Amino acid sequence: MVNKSKWDKTFLERLDVYYDELKWLYYELYQSDEQAFDYFIKMLYSYFKKRNKTLREMDEARIVVEDWFASNDMLGMLMYTDCFAGNLKGVRKHLDYIEECGVNYIHLMPLLESPEGKSDGGYAVSDFRKVEPSLGTMRDLAELSKDCHARGISVCLDFVMNHTSEEHEWAKRAKAGEKEYQDRYFFFDGWDIPSRYEETVPQVFPQTAPGNFTWCPEAGKVVMTSFYPYQWDLNYRNPVVFNDMTANMLYLCNQGVDIIRLDAVPYIWKELGTNCRNLPEVHTLVRIMRIAASIVCPGTLLLGEVVMEPSKVVPYFGTIDKPECHMLYNVTTMASTWHTVATRDVRLLKHQLGTVFSLPKQYVFLNYLRCHDDIGWGLDYDFLKQFGMEEVPHKRYLNDYLKGFWPGSDMRGELYNDDPRLGDARLCGTTASLSGIEAAEYEKDPDKLQRYIRLDLMLHAFLLTQSGIPVLYSGDEIGQLNDYTYHDDEHKREDSRYLHRGSLDWNNVEKRKKKGTREQLLFDGIRTLTKIRSSNRVFENAADTWLVETWNDHILGIGRYYKGEKLIALFNFGDNDEIAWINEIEEYTDLITGNSVEPKGVGVPAYGFLWLITHLK
């Protein structure tokens, strides 16, 4: 038994709230391993004691306002440290620009130590307590977090919990034959059991990294590698793995990280005879991690990366009484948005949003147009079939249209992980290039450019209309275009996602100050939208939301209501001017122009939008 007689009162009070549940969950998962549980509790206390005074004060403030992260003034930005500013010190130097963008939440893409050429963009971590030297040090991360907090900016960091790099100390010792460390992974003497796993476990990257297992010649054994051969899956059946990985997470929290992004969380529990996805034990682990954070660093949030259909995503919120993740990605709405751009038909998007609008308001989604990853077409094909859209040919159409291979399309993207045999592929490209801006500038066509800038701004307005936290991908605020130079880099050319991971050109950023440039039109346009969002309560996460019938399959209508403010938002995904056949009884004002609008049969220009607001007594 753990002797807690001299422990801090605050820690003990927090522990007492969760202790019975925590012990029950831990014992159920790890067969009543008292020694492992006692170690876990002592580990939690050690990280509580290491948390500095400033972070503890922030914890206490956030306990008072539990939904501090769900207000209408939250705006995120996702960035690779090296692409944005070279290194962590460079990010600190550009905090004024981040504030100018209206951003108060930055997500720093993986920056922990990873082997060059075998990093998967930083997702093959060789040391969870060391920053990649080219990006800086752990001290630099702590100093950046401190500066961000002084400006009211939160910091998000990826926590790659499913696997380590084969260069991690644990993996090196496993290669050397140490059983203790082989037990932290999934090692097998031969291919019999791995072959049985392969019968039911899908492949993550069937073209670039087929299979789920790799032969390890140093150990003379087979090791599980669900993602890439150099990423070894961790065995969370071993309590030592869970204890040590939770300690690594808390270590990062103590550097001032506010949001921990749990990478690939559905994969972390493996069971022979299943698909090794979304198993019940995964939810137990996430719930325990939520409890651990609530005890040690309650100002910290968990963001779950669950890139799956809604029925698989929503359970990661847990329940209102037993919550798991604070936030989840709204990945299906993102994919449905680009489907709508390609089809100019809003029916699928309406169907998707109807599902989201029906969820409890306590659920907070991160909404985005683009991120570091590809666009996967995990759409509701059963719904689409009623309109004659079959999965394989429809995916081919979407990719052809957004690559610019379809007649009349000016979009510019590239395929990722193409599987011709299954007729499946995902898509890459920046928001601006997928909106037609790249093609318009190449053709030097000012009319096209104006048209596609309008589309880009409409998409951002739709992003900002959704409940939750809107997140910009760094560079989108100035319309950054695709970066084709990755084709010349031997470490990147096989991964087309680098198409939209190009470095931010600070000369182009300066163009935001020059009237009439693409950079200025988008920067000022998006900034105007974010200011309107933050100054109107109707955009609060707690607002009632519903679909507004426009009787036009090109125009999406969304209604919002909160404390006397009512918003009607209209988005024309069509490439012609259209009429939204609405018939509202109140008097409305256009939030962009300030003009009065009669909300009956409202005209919306091609790729345009309207935010109409009224104040009810």
Side-chain angles (χ1 to χ4, degrees), residues 76 78 107 109-110 120-124 156 158-163 201-209 212 226-228 231 233 259-269 275-279 282-283 285-286 302-317 324-339 348-349 352 355-356 359 363-381 391 395 398-399 413 415-419 422 424-429 431 434 463 466 468-471 473 495-497 500-501:
L78 175 71
H107 177 179
M109 293 301 291
D120 186 27
Y123 289 97
C156 175
D158 287 77
F159 183 58
V160 185
M161 61 183 301
N162 179 71
H163 46 257
V201 180
Q203 300 179 73
V204 178
F205 300 127
Q207 295 303 302
T208 54
N212 291 284
S226 296
F227 287 78
Y228 285 99
Q231 292 169 311
D233 289 63
I259 301 102
I260 294 289
R261 177 184 180 270
L262 302 178
D263 178 67
V265 65
Y267 301 82
I268 60 176
W269 191 271
N275 65 0
C276 295
R277 310 281 197 274
N278 305 300
L279 298 179
V282 172
H283 293 281
L285 288 168
V286 176
L302 300 185
L303 165 62
E305 189 228 4
V306 188
V307 186
M308 296 177 176
E309 64 269 25
S311 64
K312 299 291 194 303
V313 172
V314 171
Y316 284 88
F317 281 119
E324 295 176 24
C325 293
H326 296 81
M327 305 180 292
L328 295 172
Y329 286 98
N330 194 354
V331 62
T332 308
T333 298
M334 181 277 294
S336 298
T337 300
W338 290 106
H339 168 276
L348 175 67
L349 191 52
Q352 159 64 17
T355 301
V356 175
L359 296 173
Y363 293 172
V364 179
F365 281 107
L366 254 71
N367 301 305
Y368 60 107
L369 295 175
R370 291 297 297 113
C371 69
H372 70 290
D373 221 338
D374 55 274
I375 301 172
W377 300 118
L379 308 174
D380 189 338
Y381 291 99
E391 181 170 353
K395 285 181 177 178
L398 294 173
N399 284 322
L415 297 184
Y416 173 70
N417 225 40
D418 188 15
D419 187 347
L422 297 177
D424 195 14
R426 291 174 269 183
L427 192 87
C428 301
T431 298
L434 292 178
L463 168 71
Q466 299 169 57
I469 302 175
V471 178
Y473 189 72
D495 189 341
S496 56
R497 292 175 296 181
H500 52 256
R501 296 175 180 175

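Only this structure's heavy atoms are used, side chains among them; waters, hydrogens and symmetry mates stay out. Bear in mind that the values here come from a model prediction, so they are computed numbers and not experimental data.
- Between A425 and N399 the shortest heavy-atom distance is O-ND2, 3.3 Å.
- With contacts defined as side-chain heavy-atom distances shorter than 4.5 Å, the pair N162/D263 does not qualify.
- Residues meeting the ring-ring contact (aromatic ring centres under 6.0 Å, His included) test with Y381, sequence neighbours left out: none.
- Note that CG of D380 and OG of S336 are 8.5 Å apart. Values are rounded to the nearest 0.5 Å.
- Counting all heavy atoms, side chain and backbone alike, P470 lies closest to L463 at CB-CG, 4.0 Å.
- Under the 4.5 Å side-chain criterion, counting only non-hydrogen atoms from C-beta, L366 is not in contact with N330.
- Taking the ring-ring contact (aromatic ring centres under 6.0 Å, His included) definition, one finds that H107 meets it with nothing, sequence neighbours left out.
- Residues that satisfy the ring-ring contact (aromatic ring centres under 6.0 Å, His included) test with Y363, not counting sequence neighbours, are F317.
- G376 approaches A335 most closely through the heavy-atom pair O-CB, 3.5 Å.
- G122 and P110 make their closest contact through O-CB, 3.3 Å (heavy atoms, listed as atom of the first residue, atom of the second, distance).
- Side-chain N or O atoms of H326 include one that pairs as donor or acceptor with a backbone N or O of L302 at under 3.5 Å.
- Residues T355 and V314 have side chains not in contact (no heavy-atom distance under 4.5 Å, counting atoms from C-beta outward).
- For W377 against K395, the heavy-atom pair with the smallest separation is O-CE, 3.5 Å.
- H163 and F227 have tilted rings, their planes meeting at an angle from 30° to 60° on a 0 to 90° scale.
- Under the rule for a ring-ring contact (aromatic ring centres under 6.0 Å, His included), Y416 has no partner lying at least two apart in sequence or in another chain.
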Quiz item: After noting the C-alpha distance and the side-chain angles of I375 and L398, does the key distance pass the side-chain contact (heavy atoms from CB on, under 4.5 Å) rule?
Solution: CA-CA 11 Å; I375 301 172; L398 294 173; over 6 Å; no
Practice problem: Would you please test F365 and Y329 for ring-ring contact (aromatic ring centres under 6.0 Å, His included) and show each step? | Solution: CA-CA 6 Å; F365 281 107; Y329 286 98; 9.8 Å; no
Exercise. Please report the C-alpha distance between N278 and W269 in whole Å, then the side-chain angles of each, then the deciding distance to 0.1 Å, and finally whether the side chain to side chain donor-acceptor pair (under 3.5 Å) criterion is met.
Key: CA-CA 8 Å; N278 305 300; W269 191 271; over 6 Å; no
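- Residues R501 and Y473 have side chains that never bring a donor and an acceptor to within less than 3.5 angstrom of each other.
- By the side chain to side chain contact (heavy atoms under 4.5 Å, CB included) test, V364 is found to be paired with F69, A70, M327, I469, N541, residues two or more places apart in sequence or in another chain being considered.
- In terms of modelled atom types and a separation under 3.5 Å, the side chain of R370 and the main chain of G429 share a donor-acceptor contact.
- Taking 4.5 Å as the limit, some side-chain heavy atom of C325 sits within range of a side-chain heavy atom of V286.
- Rounding to the nearest 0.5 Å gives a distance of 7.5 Å between NE2 of H500 and NE2 of H372.
- The side-chain heavy atoms of I268 and M161, taken from C-beta on, include a pair separated by under 4.5 Å.
- Taking 4.5 Å as the limit, some side-chain heavy atom of R277 sits within range of a side-chain heavy atom of Y267.
- Residues D120 and Q231 have side chains that bring a donor and an acceptor to within less than 3.5 angstrom of each other.
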Practice problem: Just do the side-chain contact (heavy atoms from CB on, under 4.5 Å) check on V307 and D373 with the steps written out, would you? | Solution: CA-CA 10 Å; V307 186; D373 221 338; 5.6 Å; no
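- Side chains of Y368 and L78 form no contact here, defined as non-hydrogen atoms less than 4.5 Å apart.
- By the side chain to side chain donor-acceptor pair (under 3.5 Å) test, N275 is found to be paired with no residue, residues two or more places apart in sequence or in another chain being considered.
- With hydrogens and angles ignored, the 3.5 Å screen pairs a side-chain donor or acceptor of E305 with a backbone N or O of A264.
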Quiz prompt | side-chain contact (heavy atoms from CB on, under 4.5 Å) between L328 and L303, intermediate numbers included | solution = CA-CA 6 Å; L328 295 172; L303 165 62; 5.5 Å; no
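- Between L427 and L434 there is a side-chain heavy-atom pair separated by less than 4.5 Å.
- A donor atom on one side chain and an acceptor atom on the other are not found under 3.5 Å apart for N417 and D374.
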Quiz item: Given the rule in the side-chain contact (heavy atoms from CB on, under 4.5 Å) test, do Y228 and Y123 qualify, once you have shown the distances and angles that lead to the verdict?
Solution: CA-CA 10 Å; Y228 285 99; Y123 289 97; over 6 Å; no
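- Side-chain N/O atoms of T333 and Q352 include a donor and acceptor closer than 3.5 Å.
- The nearest pair of heavy atoms linking S226 to D233 is N-OD1, 2.7 Å.
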